[in-house]
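One is the number of the first residue; the rest follow in order along the sequence.
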Amino acid sequence: MASPPSSKDEETTVAIIGAGTGGLALAIALKQKLGYHKFTIYEKASEVGGTWRDNIYPGCSSDIHMGFYSLSTDLRDWKESHGSQEVIFEYWKDLAKKYDIYPYISFDSKVVSANWDDMKQRYDLLLENSISGSRRQSTAHIVISAIGVLEVPRFASIPGLNDFKGQMFHSARWERGVDMRGKRVAVIGNGASATQFIPIISEDPSVEVIEFCRTPNWFMPPVRSPYSSLRRWAVRNVPFLMRFSRILLFLRFEGLYWSVFGTSIFRPILAKFMGMYIRYTAPKQYHRELTPNYPPGCKRIIFDTNYLAALHRPNLTLNWDGIESIVEAGILTKKGETIPFDIIILSTGFAADEFPIPITGNKSYTIQKYFESQGGGKAYLGTAYPAFPNFFTICGPNTATGHTSVIYSNEVQIDYIIQLIKPILSGDILSLEVRNEPTEEYNDKLQARLSKSVFTSCFSWYRVGGTGKITNIFPGSGTTFWWWLRKPNWDHYTGIGVEGWATSVREKQRRRQIVSFTLAAATGALIYHVSKEPSFIFGYKTILDMLKGIY
């Protein structure tokens, strides 16, 4: 059997799947932190931006303050607290231009599959042109998925979806130029996306909107606001103010974690406050249906965007009867009523518990098959997978949070991934994969925390099938996530060259400890000497004599 090629023989290449926020942030880090340029981003669309390119529904915006929903390396003088889809999209396009990322992107290139070749120690990629359908082959020594979890729209499993004769589309794939004037519109779903676009499409009184709801949400009062010219001048001109504002936002969200997720003490108070807000803002006839019977934090809390106030409009109605099926003319409810519609908008979320690309490791099964064998998504630190050498994910299983910025979480993971791949890029390691035992131990720890958390209390997209294993939420604060991923434990990895690398890392750590101890001892000796002889003059000879005494 031929031996695998040395990593010195061919320059290592990195394939990044997706030019969304995670993929761009990783590409920027590769160039800025490692000075590495031999990478390619495969993007199925014709532009960067990911979810902020695709989600063009009216009212789409961030629910995290822009001071923290941006890269830590690229703060900006934002016009308002929360950016619209257009603003955020432009931000990421600007970054791609600023760091000259566009030449590294292969647009209209969908990754059909990636298969690990153990002999050649690399992945064979099958790519498909999204426009022509033509296919081609490529290779990469390292593959990093940056597709995230909000990538594939979930179409509700409602009978008769294909029977409807009107216009139907998912909110994540909004039909450009759709004319709703004088139409009857059904919206299926009442999550964050629906509550953003419904107040806008129902502004026209000629549009009759009926929203089909299943589970109520907790609402917080609106927090979006434009920034004053004085504040914008200050963040531009006062040194460190922009950075300080970001730190305050981070601390604010960490406080939100501890008050909502980290303890149950404040949840009843928060529930009472939000219940009062719902009753004060929404029409009285909806108070009972709109008030959840589960504790705050089980699902993502929605910051109101005029949705509750819009429910007072005569052309907007909520329907809680449940859907039996879709029929040619509209929707048949579980109460037997057929309601006619011209347009049906599915706002039913994403397939967050599935991995859409067949990635095959060294055991001849895919990531999705691995997930299925584990009862749902599973990874080590949401980043690495047993039996999948040189494959890593950004925003993998159990990395989402209900309280802080996904951009922050992405940056933490990217710093960790860069530490993992740096010895591969330098040729010190040929391939590495996480061991099964630490993966099991990590996930046992996660699931033990999650079993005692608020996330078990309701139906949500955090769970497989809405009610199963919790695979999408991280059971800790942003600080905890950073602490767990701050540096790799090389003993948790195996592969060609890993053992030697781990030994060298331990030796470097031992030498640093010796140097630190020596400096501390020398400093202590100096302080002691000065305390005994205040008139002591610090000459080189005296210091050398003292160090000789230490050794």
Discussion item. As a quick check of understanding, evaluate side-chain hydrogen bond (donor to acceptor under 3.5 Å, both in side chains) for His492 and Tyr442, giving each step before the final call.
Written reply: CA-CA 11 Å; His492 288 179; Tyr442 173 74; over 6 Å; no

Worksheet entry | CA sep, side-chain torsions, deciding dist, call: Asp124, Arg122, salt bridge (charged side-chain N to carboxylate O under 4.0 Å, His left out) | CA-CA 7 Å; Asp124 295 320; Arg122 71 184 188 189; 3.6 Å; yes

Item to complete: Let me see the working for Thr360 and Asn115 under side-chain hydrogen bond (donor to acceptor under 3.5 Å, both in side chains), right down to the final yes or no.
Response: CA-CA 5 Å; Thr360 304; Asn115 301 310; 3.1 Å; yes

Worksheet item: Can you check salt bridge (charged side-chain N to carboxylate O under 4.0 Å, His left out) on Asp63 and Arg300, steps first, answer last?
Response: CA-CA 11 Å; Asp63 57 1; Arg300 183 141 189 161; 3.4 Å; yes

Practice prompt. Assess whether side chain to side chain contact (heavy atoms under 4.5 Å, CB included) is satisfied between Gln121 and His141, documenting all intermediate values.
Written response: CA-CA 7 Å; Gln121 291 287 289; His141 295 87; 5.5 Å; no

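Geometrically, Lys44 does not engage Tyr42 in a cation-pi contact defined by less than 6.0 Å to the ring centre and at most 45° from the axis. Note that Arg214 lies in the cation-pi zone of Phe459, set by a 6.0 Å cut-off to the ring centre and a 45° limit from the axis. Relative to the ring axis of Trp116, Lys363 does not place its NZ or CZ within 45° and under 6.0 Å from the centre.
The closest donor-acceptor contact from the side chain of Glu354 to the backbone of Gln368 lies at 3.5 Å or more, if one exists at all. Formation of a donor-acceptor pair under 3.5 Å by the His170 side chain with backbone atoms of Ala172 is found in this model. Side chain of Lys299 to backbone of Trp218: no donor-acceptor contact under 3.5 angstrom is found. Looking only at distances, no side-chain donor or acceptor of Tyr493 sits under 3.5 Å from a matching main-chain atom of Leu420.
Counting heavy atoms of neighbouring residues, nucleotides and ligands inside a 6.0 Å radius, atom CZ of Phe266 does not exceed 12 of them.
Rounding to the nearest 0.5 Å places CD1 of Ile64 at 11.5 Å from OG of Ser70.
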Report all side-chain donor-acceptor pairs from residues 403-410 shorter than 3.5 Å, counting only partners two or more places apart or in another chain.
residue, atom, partner, partner atom, Å
Ser405, OG, Phe68, O, 3.0
Ser405, OG, Ile407, N, 3.1
Tyr408, OH, Gly478, O, 2.8

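With sequence neighbours excluded, the residues forming a salt bridge (charged side-chain N to carboxylate O under 4.0 Å, His left out) with Glu411 are Arg246, listed by chain and number. In this view, Ser132 and Asn129, Ser134 satisfy the side chain to side chain contact (heavy atoms under 4.5 Å, CB included) rule, not counting sequence neighbours. Residues forming a salt bridge (charged side-chain N to carboxylate O under 4.0 Å, His left out) with Lys452 (at least two apart in sequence, or on another chain): none. Evaluation of the salt bridge (charged side-chain N to carboxylate O under 4.0 Å, His left out) rule for Lys422 yields no partner, not counting sequence neighbours.
Checked against the 6.0 Å centroid criterion, the rings of Tyr91 and Trp78 qualify as a close aromatic pair. Aromatic pair Phe261/Phe455: ring centres closer than 6.0 Å.
For residues 345-377, the set of pairs meeting the ring pair (Phe, Tyr, Trp, His ring centres under 6.0 Å) definition, not counting sequence neighbours, comprises Tyr365-Phe388.
One finds no salt bridge joining Asp415 and Lys487 here, because no Lys/Arg side-chain nitrogen approaches an Asp/Glu carboxylate oxygen to under 4.0 Å.
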